[in-house]
Structures are given as structure tokens and as C-alpha cells.
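Take a look at the structure set out below.
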2 protein chains.
Amino acid sequence: MKNRLKELRESLGLTQEHLGELVGVSRQAINAIETEKFEPSIWLAYDICKVFNSSIEEVFLFEESERKSRAQQSKGVG
Amino acid sequence: MKNRLKELRESLGLTQEHLGELVGVSRQAINAIETEKFEPSIWLAYDICKVFNSSIEEVFLFEESERKSRAQQSKGVG
DNA sequence: CCTCTGTGTCAAGTTAACCTTACATAATCC
DNA sequence: GGATTATGTAAGGTTAACTTGACACAGAGG
């Protein structure tokens, strides 16, 4: 999924490894998310967006992203 | 993780099964999230919050929840 | 040249989010 | 009493998020 991780991380002068330490995952996990190898869990997404004082939707760009698997899009209600 | 799923779902007059169809997962998956058996994936959280015209943070209550596993809390930066 | 840092990627293992199938319960309706 | 609907739960399987360890490469500096 597209995201602003690299941009926001560099704006704080953080390395992938440092960001990983801040949110409690390995540097490979941060790298894989930045390079769109896999999607973060919801808690990891939350922890990351907190580091950047942002909301999940501000950091992870759902609208602009294709989903890899799982079913149809949300159909809404109203 | 604590969430307002049941409350919001019932306010729309949806069953667990119907909500599951709307977002493309089984009714058991919806039930498991409502009863806090497991956490949704980030895409499922997004699809669900879209049904309720809300943000992820409005539907899933991170601040009030304990995390089950994975590492330390976010430490922030600034 | 060698070393150190930061990044990208691969392999193999663990864990948890999802699946289907199935059974139990309570409410409703015929 | 029997059928239907909505919910809760459990077993067993698949998949992907994450781990550690390792290797490659570019840039900076001794």
C-alpha cells in the first residue's frame, strides 16, 4: 500500500532502524512497508502514525492504493 | 481491541453477516472483532470505517485498548 | 584500501488474521 | 413442535505479517 513513510521518516531525520526501534519492529519490517512489500498490522500502523503525530489515513494512502488480495471493496450503506 | 463496531452496526440496522458481506469477510470475522477475539487487518479496518463514514481511529479505540502482543508502545519523537 | 552506516533483499521459521464447517442458544413465527 | 434468524464459539487449514540471520551495494571518511 502506498504511504508517506519514507518522506515523513526522513523529515524527522530517522533511519529505518531507528524508526523500527521506536515502534518495536525490525528494520526489515519498516523497509518492507516503505517498499510496499507488505501491509502493516493495524497496531503497527497506529504506532507509526503516532511517531509522526498524524492519523493512520494521513500516513497510509488507502484511496490511492490497490489492495493485494481480500475480496471486494467496501460498498458503503447510505 | 476495543471498538464501536456493534454500536455503529446496529445503528445502521445491519447484522454481523450483512456487514461481513459489505466488507468482504465472513460473519465470524466480524463477530471475532466485535468480541475482541482478534484485531482486524488494516484494510478490513479501513473498509469497516468507510461503511460507517468514519475514520479508523473513530471506530477502533486504540487509546483505550491493551495490545495483545507485539513489543513496546510507540515512544514518539518530538 | 578498509571500515562504518544506511538501505534493499532473500530464506526459513513463528504467529495470528482470516477461511469453512459445524454445533449451541435464544427469539420469533407458523 | 418445527423452522428461521441472529449471535457466540470451536476445530482445522491457509496466508501473510513479522522475526533473525545473512549477503550485496553505495557513500563517507580514516
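The figures here come from the full heavy-atom set of this structure, side chains too, leaving out hydrogens, waters and symmetry mates. Residue numbers start from 1 in every chain, and the chains themselves are labelled A, B, ... in the order their sequence lines are given, proteins ahead of strands. Not measured: the values here are computed from a predicted model.
- Side-chain N/O atoms of S41(A) include one lying less than 4.0 angstrom from OP1 or OP2 on dC18(D).
- Considering only side-chain N and O atoms, S26(B) lies under 4.0 angstrom from the phosphate OP1 or OP2 of dC19(C).
- Near DNA chain D, meaning a heavy atom under 4.0 Å away, there are no residues from residues 54-64 of chain B.
- Closest to the R27(A) side chain, of the nucleotides dC18(C), dC23(D), dC18(D), is dC23(D).
- Taking atom CG of residue L5(A) and atom C1' of nucleotide dG8(C), one finds them 15 Å apart after rounding to whole Å.
- Rounded to whole Å, atom C1' of dA16(C) lies 15 Å from atom CH2 of W43(A).
- Here the closest non-hydrogen pair linking E66(A) and W43(B) is O-CZ2, 4.1 Å.
- Contact between the side-chain N/O atoms of N31(B) and the OP1/OP2 oxygens of dT7(D) is not found at any separation under 4.0 Å.
- For E10(B) and dT7(D), the CD to C1' distance is 11 Å, given to the nearest whole Å.
- Across dG8(D), dA17(D), dT9(C), the shortest atom-to-atom separation from the side chain of Q16(B) is found for dG8(D).
- When rounded to the nearest whole Å, the span between CD1 of I33(B) and C1' of dC19(C) equals 13 Å.
- Here dG8(C) presents its C1' atom at 10 Å from NZ of K6(A), a figure rounded to the nearest Å.
- Listed for the D47(A) side chain is no donor-acceptor partner under 3.5 Å among the backbone atoms of G24(A).
- Base engagement by Q28(B) is indicated by at least one non-hydrogen atom pair under 4.0 Å involving a base atom.
- Within the structure, a side-chain polar atom (N or O) of R9(A) is placed less than 4.0 Å from OP1 or OP2 of dT7(C).
- For the pair F38(B) CZ and dC19(C) C1', the computed distance is 10 Å after rounding to whole Å.
- Side-chain atoms of E57(A) never come within 3.5 Å of backbone atoms of F62(A) as a donor-acceptor pair (strictly under, hydrogens ignored).
- Taking each heavy atom of I33(B) and L44(B) in turn, the nearest pair found is CD1-CD2, 3.6 Å.
- Nearest heavy atoms, K2(A) versus S65(A): N-OG, 2.9 Å.
- For V25(A), whose side chain is taken as the heavy atoms from C-beta onward, the closest listed nucleotide among dC18(D), dG8(C), dA22(C) is dC18(D).
- Between the base of dT7(D) and the side chain of E34(B) there is no donor-acceptor pair shorter than 3.5 Å.
- Cluster membership for L61(A) and I42(B), using ILVMFWY side-chain heavy atoms within less than 4.5 angstrom, is not shared.
- The side chain of K37(A) has dT9(C) as its nearest neighbour among dC18(D), dT9(C), dT9(D).
- One atom, CD of E21(B), and another, P of dT5(D), lie 13 Å apart when rounded to the nearest Å.
- In this structure, L44(A) places its CG atom 18 Å from P of dT15(C), rounding to the nearest Å.
- Residues S54(A) and V59(A) approach most closely at CB-CG2, 3.7 Å, considering heavy atoms.
- Looking only at distances, no side-chain donor or acceptor of R27(A) sits under 3.5 Å from a matching main-chain atom of Q16(A).
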